[in-house]
> 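Have a look at this one.
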Amino acid sequence: MTKTEQPRTQWLGRWGFVLAATGSAVGLGNVWKFPYMTGEYGGGAFVLVYLVCILAVGVPVMMTEILLGRRGRGSPIDAIGRMASESGRSPAWSVLGWMAMLCGFLILSFYVVVAGWSFAYLWKMLSGGLAGSSVDDMASIFAANNANPWSLGAWSSLVAVATMLIVGKGVQSGIEKSVSWMMPGMVIMLVIMIGYGAFSGGFGEALTFLFAFNANSLSSEGMLAAMGHAFFTLSLASGAILTYGSYLPRQASIARTTLTVALADTLVALMAGLAIFPVIFANGLEPGSGPGLIFMSLPLAFQAMPLGTLFGILFFVMLSMAALTSSISMVEATVSWLTDNKGLSRRSAAWGTGIVLWLISTMAMLSFNVGAEWTLLGKHFFDWLDFLTSRLMMPLGGLGMALMAGFVLNRASLREELGLSPTAHGLWLFMVRYVSPLGIVVIFVDALGWFDIDFADHWPWLVLLLAAMTLLGELLRPGMKEAPSD
Ligand code: PFF
């Protein structure tokens, strides 16, 4: 078995990996994106499809990433390269690692801008800068916030600096230490917010909105958005989970850990919905107001409520912490690769990466003001970063890793590393070979926009296709040589 010569750092505590990976997964995606997407795509039906995507695609791909990281003992590039050689395959597979590392870095370069909004809104809440009496007033405050490149740039730079400070301190004393208080802290704040929502008068309506299944509201676009979001919210194919997995001790169960992280991430997304929607409904506001939901509707609602400012502050502290525990994970793959391969100290690797990040994120930030006119094929730089990562690189990387585990890697190594019962192992293999790839190809086809297929209307064909793929795959798959398990 190929292993690095030096022992790799490991998480200190029993919960180190779970807290760090949940910190990565729980972020703006849960508190900002998930509630507004649920609002836009019609509530309960979207939530159900999202849960199916988490189970059918998210969990198997996350298990694969942790497996690759732990057995390959390195950053995505090194770990995937080692795993390929261990199975006697071409080292060129490590191109998947390059893509994942780049993907995490590019996500971070626009993520810091949105995280910067959260910090800016926290400051506005504290300093009374969010006074307005209508959604239009709130929209002008939001527009003014984005129109000033100096303040917007300062807030996103602050997020970048905080991220690099934590990552530069190391896996145990930087990442693990910070998530071990930020994660419990944010969950406590979320629970307090839900308690507040329960007494706001809109709780019943919020429950119905989130959990009542209305099949008519299930659009094909909503289904695809749910699948794409499953990738984003679980931080998949961006190097984060794989690199965190490389610090996971051997005795931890990959399946159990993955299920814990996926469950925690899903619960936080639903809890964020239960914290936000009651306040929105209690004030007669629109749930489907898009990305402005928490930056326009929510602050407006808070103003009209008793202790609203206090809870507004709590909300943006929670959001900022959620964003920070995610942003540190996006850069860990790059920092780990630089320290392992380029002889840099963690601190220099983090600050070096930070400088390049700052340049790219400044370009992304300028899309909202000075660079509003700089577009390519109708998209700003910020939108390009989002499109390239969430719509192309994440699905492609996830597909590559699923197929690599399903068809390319040595089966004995996989079995040894996962340590599952034969039935559970067989289920995981079926998922990474057929179910996840088919799901990912469907998102991919949609992202490219070449065909105008309404997948929601044609789902029986998809089931048939899955059956045909499974049959063909199992019949044609070349027998792979089994390595003796050591
Ligand atoms: N999962 C994070 C969220 O939901 O906000 C986003 C994310 C984190 C994506 C880390 C990718 C990543 F590597």
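Atoms within each ligand, like the ligands themselves, are counted from 1 in listed order.
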> When you pair each N or O of ligand 1 with protein N or O atoms, which pairs come out under 3.5 Å?
{"unit_1": "ligand 1", "atom_1": "1 (N)", "unit_2": "S24", "atom_2": "O", "d": "3.2"}
{"unit_1": "ligand 1", "atom_1": "1 (N)", "unit_2": "A25", "atom_2": "O", "d": "3.0"}
{"unit_1": "ligand 1", "atom_1": "1 (N)", "unit_2": "F232", "atom_2": "O", "d": "2.9"}
{"unit_1": "ligand 1", "atom_1": "1 (N)", "unit_2": "T233", "atom_2": "O", "d": "3.1"}
{"unit_1": "ligand 1", "atom_1": "1 (N)", "unit_2": "S235", "atom_2": "OG", "d": "3.1"}
{"unit_1": "ligand 1", "atom_1": "4 (O)", "unit_2": "A25", "atom_2": "O", "d": "3.0"}
{"unit_1": "ligand 1", "atom_1": "4 (O)", "unit_2": "G29", "atom_2": "N", "d": "3.4"}
{"unit_1": "ligand 1", "atom_1": "4 (O)", "unit_2": "N30", "atom_2": "OD1", "d": "3.4"}
{"unit_1": "ligand 1", "atom_1": "5 (O)", "unit_2": "L28", "atom_2": "N", "d": "3.1"}
{"unit_1": "ligand 1", "atom_1": "5 (O)", "unit_2": "G29", "atom_2": "N", "d": "2.8"}
{"unit_1": "ligand 1", "atom_1": "5 (O)", "unit_2": "Y111", "atom_2": "OH", "d": "2.5"}

> For residues 31-57, tabulate all N or O donor-acceptor pairs below 3.5 Å that involve a side-chain atom, not counting sequence neighbours.
{"unit_1": "W32", "atom_1": "NE1", "unit_2": "P291", "atom_2": "O", "d": "3.0"}
{"unit_1": "T38", "atom_1": "OG1", "unit_2": "F34", "atom_2": "O", "d": "2.7"}
{"unit_1": "Y41", "atom_1": "OH", "unit_2": "E221", "atom_2": "OE2", "d": "3.3"}

> Under 3.5 Å, which donor-acceptor pairs link side chains of residues 95-106 to any protein atom two or more places apart or in another chain?
none

> Please tabulate, for side-chain N and O atoms in residues 383-390, each donor-acceptor pair with protein atoms closer than 3.5 Å (sequence neighbours left out).
{"unit_1": "W384", "atom_1": "NE1", "unit_2": "L376", "atom_2": "O", "d": "2.9"}
{"unit_1": "W384", "atom_1": "NE1", "unit_2": "K379", "atom_2": "O", "d": "3.4"}
{"unit_1": "D386", "atom_1": "OD1", "unit_2": "S390", "atom_2": "OG", "d": "2.9"}
{"unit_1": "T389", "atom_1": "OG1", "unit_2": "L385", "atom_2": "O", "d": "2.7"}
{"unit_1": "T389", "atom_1": "OG1", "unit_2": "D386", "atom_2": "O", "d": "3.2"}
{"unit_1": "S390", "atom_1": "OG", "unit_2": "D386", "atom_2": "O", "d": "3.1"}

> Could you tell me if the side chain of N145 sits less than 4.5 Å from the side chain of Y121, heavy atoms only?
yes

> For the pair E176 and K169, find out whether any cationic side-chain nitrogen is under 4.0 Å from an anionic carboxylate oxygen.
no

> Check whether S361 reaches the backbone of F110 with its side chain - one donor and one acceptor, N or O, closer than 3.5 Å.
no

